[in-house]
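For reference, the structure discussed in these notes is given below.
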Amino acid sequence: MADVNRCWVLVRRPQGRDFADALELTEGSIPALADGEVLVRNALLSLDAGTRMWMNPREDSYSPPTPLGSPVIGMVLGTVVASRHPDFREGDLARAYGQWSDYSVCQPDVAYAQRLSWRMDDLRQYLAVFGPNGWTAYLGVLEYTQAKPGDTFVVSAASGVTGALAGQIAKLHGCRVVGITGSRAKCSWVVDELGFDAAIDYSTQDVPEALAAACPDGIDVYFDNVGGEILDACMGNMALFGRIGICGLIVNYENDELVPGPYKFDQMLMKRLTMVGFFSPDFYHRGPDVDRRMRPWYDAGQLKMAFDVTEGLEHTLDAYAKLFTSAKVGKSLVQLQELHP
Ligand SMILES: NC(=O)c1ccc[n+]([C@@H]2O[C@H](COP(=O)([O-])OP(=O)(O)OC[C@H]3O[C@@H](n4cnc5c(N)ncnc54)[C@H](OP(=O)(O)O)[C@@H]3O)[C@@H](O)[C@H]2O)c1
């Protein structure tokens, strides 16, 4: 075991995506454990857009702001190297809320942590199909927005991990699926590789017009990952009694201030719409059950995922900025170690 722990610490509130000015890579000793804690040697860091929100000072988010001087928190996958918790042993594979660092101190009784089986064809899927993004996609489609066979289903950030899975799940459920994403190449990926029926490139197309053309009978379900103008474009194209699932609002995450909109909110009344927000920690406990339900699709090759993997903790900030610049496809990970039992 190396005796140095490098760790990304938030030292200033970032402006936009100026992460280099706001985060510092510190070096320290490997933390000693208190009772109830587990030390995980991080192999993969999950890069999640929501982490950007916790870097803001806003107090009305679903998580309190990360205090300045604290490690950046995120989901990690790695090997337990020491444990003072009765449910975790050295050598276990664990997924947990940890830190953007070489080693994570995890507190299973306080924050999410779970032992996992080593028996998985691609262990990265514990941070994609069989992890919080997969559960959010599955429950967002089938429970929160109540998608039904025959519905016209639209999803934004369609080439990101949650959007790609939500679209595939809706398609498997019998919906007609339209993705919105940021380039022609990504549109081709969701249509040709993932089986979506159509895709709209918001970087070059007029989104309201393209939606009207792609959804002539209106949108029954809009699975929103971005908010802003795309949410408005969808609100203006909803079908009567349509449902809008608010999964994420990535266009707002870089703002410290409240962002006005949606401007087409009157469509809630005109079209008798339902809007629902959902947040994965509320249903982490259902993860194993959702995994079992998705497993046959995955085994049959019907749930596909691409990975954007960056090697090395020192390159985390460049990898993270790509979430906000339309510069990657699929699930973003930072790899620190090879994972094996
Ligand atoms: N509610 C929950 O529990 C939950 C769980 C997981 C994720 N989320 C949310 O779901 C959303 C997607 O997260 P993810 O992890 O699936 O995605 P991701 O893989 O991190 O990708 C994010 C994608 O968002 C798109 N994007 C970024 N900035 C944009 C902008 N200004 N306008 C339009 N699109 C933009 C980019 O794709 P393009 O190429 O399309 O631009 C990018 O690839 C985020 O808002 C995230 O916070 C919520």
Side-chain angles (χ1 to χ4, degrees), residues 16-17 45-56 61-63 74-75 97 112 124 127-129 131-141 143-145 154-169 178-190 194 196 199-205 207 222-234 244-255 259 261 275-284 286-287 290 305-310 319-334:
R17 59 192 77 104
L45 308 183
S46 170
L47 298 185
D48 294 291
T51 306
R52 176 65 186 82
M53 264 190 289
W54 311 337
M55 297 180 192
N56 289 338
S61 173
Y62 51 57
S63 287
M75 196 65 83
Y97 273 127
Y112 173 83
R124 299 176 303 179
L127 295 174
V129 173
N133 297 107
W135 309 335
T136 305
Y138 185 93
L139 294 173
V141 172
E143 295 193 6
Y144 287 99
T145 63
V154 173
V155 59
S156 52
S159 68
V161 54
T162 314
L165 291 171
Q168 291 177 86
I169 291 164
V178 178
I180 304 175
T181 183
S183 72
R184 276 321 305 162
K186 292 182 187 188
C187 286
S188 300
W189 185 64
V190 302
L194 306 187
F196 287 23
I200 294 168
D201 173 7
Y202 74 81
S203 72
T204 57
Q205 291 183 266
V207 178
Y222 172 47
F223 191 112
D224 187 19
N225 283 314
V226 303
E229 290 177 9
I230 292 177
L231 171 57
D232 266 314
C234 289
I244 299 174
I246 303 293
C247 175
L249 298 163
I250 197 167
V251 299
N252 297 350
Y253 294 172
E254 292 174 8
N255 295 304
V259 179
M275 189 181 271
V276 59
F278 42 93
F279 178 46
S280 52
D282 294 342
F283 44 76
Y284 278 178
R286 297 185 58 192
V290 174
M305 185 46 55
F307 290 91
D308 187 77
V309 181
T310 299
Y320 194 59
K322 286 161 78 177
L323 269 63
F324 303 91
T325 54
S326 210
K328 58 93 192 169
V329 172
K331 176 67 193 177
S332 293
L333 300 171
V334 174

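Just follow the structure's listing: the first ligand is 1, and inside any ligand the first atom is 1.
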Can you tell me if Glu229 has over 12 outside heavy atoms packed within less than 6.0 Å of its CD?
no
Once you round to the nearest 0.5 Å, how far does OG1 of Thr162 lie from CH2 of Trp135?
12.5 Å
Where is the nearest protein heavy atom to atom 28 (N) of ligand 1: which residue, which atom, and how far?
Ile250 CG2, 3.8 Å
Nearest candidate to atom 20 (O) of ligand 1, where distance is taken over non-hydrogen atoms, out of Thr181, Val155, Leu323
Leu323
Of all the atoms in ligand 1, which lie at a distance below 4.0 Å from a heavy atom belonging to Val251?
30 (C), 31 (N), 32 (N)
Salt bridge (Lys or Arg N to Asp or Glu O under 4.0 Å) against Asp232, all qualifying residues, sequence neighbours excluded
none
Is a side-chain donor or acceptor of Tyr138 paired with a backbone partner of Asn133 at a separation under 3.5 angstrom?
no
Check this for me: does any side-chain nitrogen of one of Glu254 and Arg52 sit under 4.0 Å from a carboxylate oxygen of the other?
no
For the residue pair Phe278 and Phe223, is the inter-centroid distance of their aromatic rings smaller than 6.0 Å?
yes
Option nearest atom 45 (O) of ligand 1 (shortest heavy-atom distance, choices Asn252, Asp282, Asp48, Asn225)
Asn225
Answer with yes or no whether Cys247 contacts ligand 1, where contact means a heavy atom under 4.0 Å from a ligand atom.
yes
Okay, side chain of Thr310, backbone of Val334: is any donor-acceptor separation there less than 3.5 Å?
no
Nearest to atom 39 (O) of ligand 1 by heavy atom, Lys322, Arg52, Lys331, Lys186: which?
Lys186
Contact atoms of ligand 1, heavy-atom distance to Tyr253 under 4.0 Å
44 (C), 45 (O), 46 (C), 47 (O)
Counting non-hydrogen protein atoms only, what is the nearest one to atom 15 (O) of ligand 1? Give residue, atom name and distance.
Val161 CG1, 3.5 Å
Proximal ligand 1 atoms for Leu249, defined as those under 4.0 Å from one of its heavy atoms
45 (O)
Minimum side-chain heavy-atom gap Asn225-Ile230 below 4.5 Å:
no
Is it the case that Ser156 and Tyr222 place a side-chain donor and acceptor less than 3.5 Å from each other?
yes
Nearest neighbour in protein (non-hydrogen) for atom 24 (O) of ligand 1:
Ala157 CB, 3.5 Å
N/O separation below 3.5 Å, Phe278 to ligand 1:
yes
Residue, atom name and distance, where the atom is the protein heavy atom closest to atom 38 (P) of ligand 1:
Ser326 OG, 3.3 Å
Look only at interatomic distance and state if Pro281 has a nitrogen or oxygen under 3.5 Å from any nitrogen or oxygen of ligand 1.
no
Looking only at protein heavy atoms, which one is nearest to atom 41 (O) of ligand 1, and how far off is it?
Tyr202 OH, 2.5 Å
In terms of relative ring orientation, are Tyr97 and Tyr284 parallel, tilted or perpendicular, with 30° and 60° separating the classes?
tilted
closest protein heavy atom to atom 14 (P) of ligand 1 is Thr162 OG1, 3.6 Å
Nearest-contact summary for atom 21 (O) of ligand 1 - protein heavy atom, Å
Lys328 NZ, 3.0 Å
Can you list the ligand 1 atoms lying under 4.0 Å from a non-hydrogen atom of Gly330?
19 (O)
Pull out every atom of ligand 1 sitting under 4.0 Å from any heavy atom of Ser280, numbered as shown with elements.
2 (C), 3 (O)
min-distance protein heavy atom vs atom 6 (C) of ligand 1 -> Asn133 ND2, 3.5 Å
Determine whether a donor-acceptor pair (N or O, by modelled atom type, separation under 3.5 Å) exists between the side chain of Ser203 and the backbone of Gly182.
yes
Taking salt bridge (charged side-chain N to carboxylate O under 4.0 Å, His left out) as the cut-off, I'd like each qualifying pair that reaches into residues 154-163, sequence neighbours left out, listed once.
none
Does ligand 1 have an atom under 4.0 Å from some heavy atom of Gly227?
no
Number the atoms of ligand 1 from 1 as they appear, then name those within less than 4.0 Å of a heavy atom of Thr136, with their elements.
2 (C), 3 (O), 4 (C), 5 (C)
Looking at Ser183, is its backbone amide N or carbonyl O close enough to the side chain of Tyr202 to form a donor-acceptor pair, meaning the two atoms are under 3.5 Å apart?
no
